[in-house]
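Keep in mind the model is a prediction, meaning the values are calculated, not measured.
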Amino acid sequence: MKDRGIAAIIEAVVSSLLLIAAFSVGFYLLSTPTISHQRYSEDLTKVGYNLLSALAENDGFDKLMFDSYGKFTVGWEQQLKVVIVSLLPSNIIFNVTVYNATLINDNITNFVELKILNTATVSNVLDESGHSNEAAFLKAGDNAEASYIYTTKHLQILVISIKLATLGGA
Amino acid sequence: MNPVYEYIAAISIITLVVGFSLYQLNSMSSYQLTVAHEEQLQPVAVRLLDKILLTKGYPEDWGSDIYINESNLVDFGLSSQLGGMYQVSVDNLMRLVNITGNLVNPLYIPPTTMGNLTGIYDNNSWSYGFRLLVKNSLNISITDGPISEKYNTPTNFTVDVTNYLGRSMSNAEVDAFYFVVYVYNPTGGGKEDEVFDYSGVRAMNITNWQGKTILHFEGKMPEVPTGIKNLVAQVYCLFITVNYYGLQSQQIEPLGGDTTVSLLIQGQYLIANFQNISGIPNGASHLKITAIELTSSQQLILNPADNETNGESGKLINKGNKNLQVYHLENPLSDDVIAAGLIIRRGQKYTIVFASRPLIPVALDYRSHSYAYAGINSDTVSRLIKIGRNSYYAELTLWRMVE
């Protein structure tokens, strides 16, 4: 009789511990706010578009990427990176991809082909192999992406895409 | 074990479990609500900045229409009527400038009006406090070189360029227009017969890795054309444009002069005001009331002003009853015009005074309170905006007044 009583107490203690553990896990899982990610992303998208738009004004991308004959300048990716680094706050990481947009007409369908133009990575977070460090974007608090369609002086159509993230979380 | 103790222990454990669970659930929901409450500040700030920068307000020409004031402004917004996204109307922006020097803007729109129209101020209280700061995207600092004996003005200038984050801007294009405004008397008559004209030269350079460059004008200084009769005076002025891959800012530096006159542009009006400066005698100043306008596309335009008064009294500024003059410029100023200047004579000395629009280097510091007492409960959002061809950095800080 006495042993059964002790067993029941142990049973109750264990079950209550399990309950407490379950509630604690549930608390930590549920309490991670998703609202902050949504709110910063909205602003970050606008920051990205605003930056590309500012550089596109007054022929900024033409000066950055092309010579007077419309040919790509040597090392334009590095120059683009330097310019974007100088204009963004230091807690924002980015990765820029520049596409050439070409209309393909194969007599069946018309579609726009996007071909990546940058041979070097235009990013301020690089991994060991010199590519954009995607893990840094995954770990960052907020991610956003913005695109800008830019027609050069020599009528080349570029799609410039910028991916941004805020370090240090929301 | 006695069943009574067993029941007591079991009830205690159940009470503990239920109590802890209720506590956890309660704190969980209140934590979520706290997070949501704090986080909503940023969307409000983003929406308010979008409202300010992306809408025109109503009437749409409220910035240039002098009959629109705080009581009949229907909607608030700074966007330009003609430009694209983030293109701001300089007339609208200048209506938010309260004081320039000692000149109080008679057409000022106070922050309470903006607060009322955007819904952050109601019944004499602010629900959110704010500070809207607009400044040059590129900060241009000019250091004069030694003064040339021949021209009595510097012939080279060191230009230092930093951006809105304070970083040195290397590889920025620095384009300078160095001009001389000369006053002469073609008929040889009295002072009222004097006229003026200008001539200038350009120089260009690229900033080094420190964001610095030197502009050299040795051997190609701006000069008064030969054949000018009865030259009275000449005044030099440097107009610098810096372009950094699309971001553009400008700076004007009149050389060799001080004056007791301050200017402000409001719409199509140029307001001149006597300014008491220690060390400068309080004598009257005579104004040549043709404005010299400088544009963001680096042009110089002469724009005559209407003088409604008889004789010379409308061209006089002094400490007494003529301490404020308002001139109506004949031609409307486009958003491209970044400054208008007047030639001023005090005794036999001539100087040139410019009023920039917007102001340089801080275009606007518009705020609900004289100081921000938000502490950490504030949020700041920023955008790059344009006025004419020039770029500016706009930053809105918002804080909640009641928690």
Side-chain angles (χ1 to χ4, degrees), chain A residues 1-9 11-13 15-20 22-24 26-28 30-40 42-47 49-65 79-80 82-90 170, chain B residues 1-3 5-6 9-10 12-14 16-18 20-21 23-25 27-29 31-32 34-36 38-43 45-47 49-50 53 84-87 137 163-165 167-171 173 211 243-248 379 381-386 389-391 393:
Chain A
M1 185 72 181
K2 189 180 176 184
D3 290 344
R4 280 212 331 257
I6 290 168
I9 289 169
E11 196 181 321
V13 168
S15 56
S16 59
L17 283 175
L18 279 171
L19 270 170
I20 290 165
F23 273 108
S24 299
F27 168 73
Y28 283 112
L30 288 170
S31 65
T32 308
T34 51
I35 304 157
S36 58
H37 292 269
Q38 289 164 6
R39 61 133 196 175
Y40 275 100
E42 186 194 341
D43 183 48
L44 214 51
T45 306
K46 288 180 177 176
V47 166
Y49 181 82
N50 183 231
L51 177 71
L52 295 178
S53 160
L55 287 173
E57 302 281 352
N58 301 343
D59 306 326
F61 283 117
D62 272 287
K63 288 175 186 169
L64 260 171
M65 296 159 67
Q79 187 58 29
L80 180 58
V82 167
V83 169
I84 295 176
V85 163
S86 69
L87 299 177
L88 283 176
S90 48
Chain B
M1 195 177 179
N2 192 316
Y5 295 131
E6 211 173 299
S12 305
I13 289 163
I14 288 166
L16 273 171
V17 167
V18 171
F20 182 72
S21 304
Y23 169 75
Q24 285 288 58
L25 281 169
S27 61
M28 191 164 66
S29 61
Y31 175 74
Q32 287 278 36
T34 308
V35 170
E38 288 298 323
E39 300 306 321
Q40 75 179 16
L41 193 55
Q42 173 122 20
V46 171
R47 284 209 309 275
L49 190 60
D50 283 351
L53 299 179
M85 212 173 176
Y86 296 113
Q87 188 87 27
S137 62
N163 74 356
Y164 51 88
L165 296 170
R167 294 173 186 154
S168 296
M169 293 282 93
S170 59
N171 280 341
E173 284 176 12
N243 193 304
Y244 183 74
Y245 301 109
L247 299 189
Q248 180 175 294
D379 222 313
V381 285
S382 63
R383 297 287 182 270
L384 288 166
I385 60 170
K386 292 200 79 180
R389 285 174 177 237
N390 288 346
S391 330
Y393 175 77

A:Leu51 CG to A:Lys46 NZ distance, which is reported to the nearest 0.5 Å
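So the CG of A:Leu51 and the NZ of A:Lys46 are separated by 16.0 Å.
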
Supply the atom-to-atom distance B:Glu173 CD to B:Gln248 CD, rounded to the nearest 0.5 angstrom.
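The distance works out to 9.5 Å.
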
If I measure from the heavy atoms of chain A, does [X] come under 4.5 Å with its side chain, its backbone, both, or neither?
X: B:Tyr164; result: side chain
X: B:Leu384; result: both
X: B:Arg167; result: side chain

Select one option (side chain, backbone, both, neither) describing which atoms of [X] are under 4.5 Å from chain B's heavy atoms.
X: A:Leu17; result: neither
X: A:Phe61; result: neither
X: A:Ala8; result: side chain
X: A:Ser15; result: neither

Would you please name every residue forming a side chain to side chain donor-acceptor pair (under 3.5 Å) with B:Asn163, sequence neighbours left out?
none

Note: B:Ser391 and B:Gly246 closest approach over all heavy atoms is OG-O, 3.8 Å

Grab the two heavy atoms, one from B:Tyr244 and one from B:Ser170, that are nearest each other, plus how far apart they are.
CE1-O, 3.1 Å

Chain B interface, residue from A:Leu64, A:Leu55, A:Leu88, A:Val13 that has the most non-hydrogen pairs under 4.5 Å:
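Among the listed options, the one with the most contacts to chain B is A:Leu64.
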
If you define the side chain from C-beta out and look only at heavy atoms, does anything of B:Val381 sit under 4.5 Å from B:Arg47?
no

Validation row: B:Met169, A:Val83 side chains within 4.5 angstrom (heavy atoms):
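Not touching, per the 4.5 Å side-chain cut-off.
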
Between B:Leu165, B:Ile385, B:Asn171, which has the largest tally of heavy atom pairs under 4.5 Å with chain A?
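Of the options given, most contacts go to B:Leu165.
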
